[in-house]
> 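Handing you a structure now.
Treat the numbers as computed from the prediction; the structure is a model and nothing was measured. Counting starts at 1 for both ligands and their atoms, following the listed order.
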Amino acid sequence: HTVLGKLTEIMIKNPDISPSENLPDKDPSMFHKRYLKWMKDLGEGHFGKVTLYLYDPANDRTGEPVAVKALKQEDGNVESWMKEIEILKSLYHSNIVKYKGCCTELGGQVVQLIMEYLPKGSLKDYLPKRKLSMPQCLMFAQQICEGMEYLHSKRYVHRDLAARNVLVDSDNLVKIGDFGLTKYIPEGEIYYRVREHGDSPVFWYAIECLKENKFSFSSDVWSFGVTLYEILTRCDPRKNPPMKFKEMMEEPQGQMTVMVLIKLLERNRRLPCPKDCPPEVKMLMEQCWAADPRQRPTFRSLIEKFEGIRR
Ligand code: ADP
Ligand code: MG
């Protein structure tokens with residue numbers, strides 16, 4: 001009795017030695033690889049691969065479906081991968097995909113990220129199949145802004161906002177779903193500088209990201225403008241941003257380099273206005289693409305504007 005009392009007392013004082021930390025079975029965020037049953041591949045981007053599994057510890061198919069994200073190559077950047085997991089773990093918002101836990105292999109090596117499964121997939125998978133009404137488009141756009149405002153309030157820049165990274169929960173709810181390039185901006189600083197473009201999603205990038213590798217809260221707003229364009233074109237592959245920018249080039253045969261894209265943007269060329277786009281929304285989109293980052297709206301002011309337009 002007294003020994004148990006003493007032990008409890010020690011555990012209260014030292015939460016990190018409590019049994020739930022030592023016995024993975026008691027920790028609902030620890031998923032065991034042996035209980036994950038493959039169902040289907042959901043998609044992949046540059047760095048990650050996402051797979052649908054049934055997590056079925058009882059082994060009777062009563063388990064829950066979960067989306068599992070893993071690094072694509074074994075030799076990928078493990079450090080930034082662990083960061084992505086830590087970031088998602090720290091985010092709680094109705095417009096951000098829910099973190100469920102991790103799956104560690106013996107030795108704690110390959111770590112997979114377990115998140116809620118959204119059966120409708122990304123906006124890019126979903127929109128071309130639907131005839132989404134303008135009010136629904138604007139509702140989705142506002143929800144993305146709500147998730148982004150929350151992210152920025154935590155001083156994170158997303159750096160990869162695009163329709164492919166927004167997941168659809170239902171006809172009335174979308175969630176931001178990929179934080180692979182997200183970076184923290186320390187208090188007092190205004191941008192994050194990257195070393196190389198590599199496989200960067202350049203057609204979603206603001207002009208200063210292309211020219212100076214500077215990523216800020218305002219450059220996310222630019223990418224939101226491109227995402228809004230994608231929503232309004234219902235992610236029609238014939239109108240997607242890379243395609244449209246290539247059409248705008250003088251010599252369509254030539255390679256679309258970052259330099260050519262910069263020149264286009266410097267001449268104030270922008271993506272065309274999607275058809276049926278209300279004039280107030282066109283204005284918002286253009287404000288997001290202001291050459292001067294300081295002239296762009298914040299996500300807070302975008303939310304207010306969408307509320308006004310949707311009223
Ligand atoms: P990457 O970092 O490689 O770009 P993403 O996290 O964007 O990976 O996921 C790639 C694709 O997988 C998405 O575009 C989407 O189609 C699908 N996907 C990702 N997460 C989920 C999820 N939670 N539920 C359903 N589909 C998902
Ligand atoms: Mg992605």
> Among all protein heavy atoms, pick the one closest to atom 17 (C) of ligand 1 and tell me residue, atom and distance.
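So the nearest neighbour among protein heavy atoms is Leu42 O, 4.0 Å.
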> Which pair of non-hydrogen atoms, one from Leu88 and one from Val97, has the smallest distance, and what is that distance?
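Looking at all heavy atoms of both residues, the closest pair is CD1-O, 3.5 Å.
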> Considering both backbone and side-chain atoms of Gly48, is one of its nitrogen or oxygen atoms within less than 3.5 Å of a nitrogen or oxygen in ligand 1?
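Indeed, backbone or side chain, Gly48 has an N or O that close.
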> Taking all non-hydrogen atoms of both residues into account, name the closest pair between Glu189 and Arg155 and its distance.
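Nearest heavy atoms, Glu189 then Arg155: O-NH2, 3.0 Å.
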> Mind checking whether Leu167 contacts ligand 1 via backbone (N, CA, C, O), side chain (CB onward), both or neither, at a 4.0 Å heavy-atom cut-off?
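Just the side chain.
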> Check the orientation of Phe217 and His152. Use parallel for under 30°, tilted for 30 to 60°, and perpendicular for over 60°.
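Judged by the thresholds at 30° and 60°, the geometry between Phe217 and His152 is tilted.
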> Give the atom name of whichever N/O/S atom in Asp178 sits closest to the Mg ion (ligand 2).
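Considering only N, O and S atoms, Asp178 comes nearest to the Mg ion (ligand 2) through OD2.
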> For Glu116, which part has a heavy atom under 4.0 Å from ligand 1: side chain, backbone, both, or neither?
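Contact part for Glu116 vs ligand 1: backbone (N, CA, C, O).
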> Quick one: hydrophobic cluster around Ile190, which other residues, with the 4.5 Å side-chain cut-off, linked directly or via members?
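Members besides Ile190, by chain and number: Tyr191.
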> Have a look at ligand 1 and work out which part of Asp125, if any, has a heavy atom under 4.0 Å from it: side chain, backbone, both or neither.
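Only the side chain of Asp125 comes within reach of ligand 1.
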> Parallel, tilted or perpendicular: which describes the rings of Trp289 and Tyr229, with under 30° parallel and over 60° perpendicular?
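Answer is tilted, since the angle falls between 30° and 60°.
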> For atom 20 (N) of ligand 1, what's the nearest protein heavy atom and its distance?
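Ranking protein heavy atoms by distance from atom 20 (N) of ligand 1, first comes Met115 CE, 3.5 Å.
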> Just to be sure I'm reading this right: ignoring hydrogens, which of Leu118, Thr51, Asp41 gets closest to atom 25 (C) of ligand 1? Compare them by their nearest heavy atoms.
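Residue with the shortest heavy-atom distance to the ligand atom: Leu118.
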> Can we call the ring centroids of Tyr53 and Tyr117 under 6.0 Å apart?
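Not under 6.0 Å, so no.
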> Check the side chains of Ser122 and Asp125 for a donor-acceptor pair under 3.5 angstrom, ignoring hydrogens and angles.
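Side chains of Asp125 and Ser122: pair found under 3.5 Å.
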> Between Lys120 and Ser170 (side chain of the first, backbone of the second, donor and acceptor by atom type, cut-off under 3.5 Å), is there such a pair?
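Side chain of Lys120 to backbone of Ser170: no pair is present.
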> Can you sort out which atoms of ligand 1 are near Arg164, meaning under 4.0 Å from one of its heavy atoms?
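Numbered from 1, ligand 1 contributes 13 (C), 14 (O).
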> Could you tell me, atom by atom, which parts of ligand 1 come under 4.0 Å of a heavy atom of Lys69?
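Close to Lys69: 1 (P), 2 (O), 5 (P), 6 (O), 8 (O).
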> Distance to 0.1 Å, residue and atom name: give those for the protein heavy atom nearest to atom 9 (O) of ligand 1.
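Checking every protein heavy atom, the shortest distance to atom 9 (O) of ligand 1 gives Val50 CG2, 3.4 Å.
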> For ligand 1, find out whether one of its N or O atoms is nearer than 3.5 Å to an N or O atom of Asp178.
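Such a contact does occur with ligand 1.
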> I'd like to check which ligand 1 atoms, numbered from 1 as shown, lie under 4.0 Å from a non-hydrogen atom of Gly177.
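With Gly177 as reference, the close atoms of ligand 1 come out as 6 (O).
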> Return yes when Gly180 approaches ligand 1 closer than 4.0 angstrom through a heavy atom, no otherwise.
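It does not, in that no heavy atom of Gly180 comes within the 4.0 Å cut-off of ligand 1.
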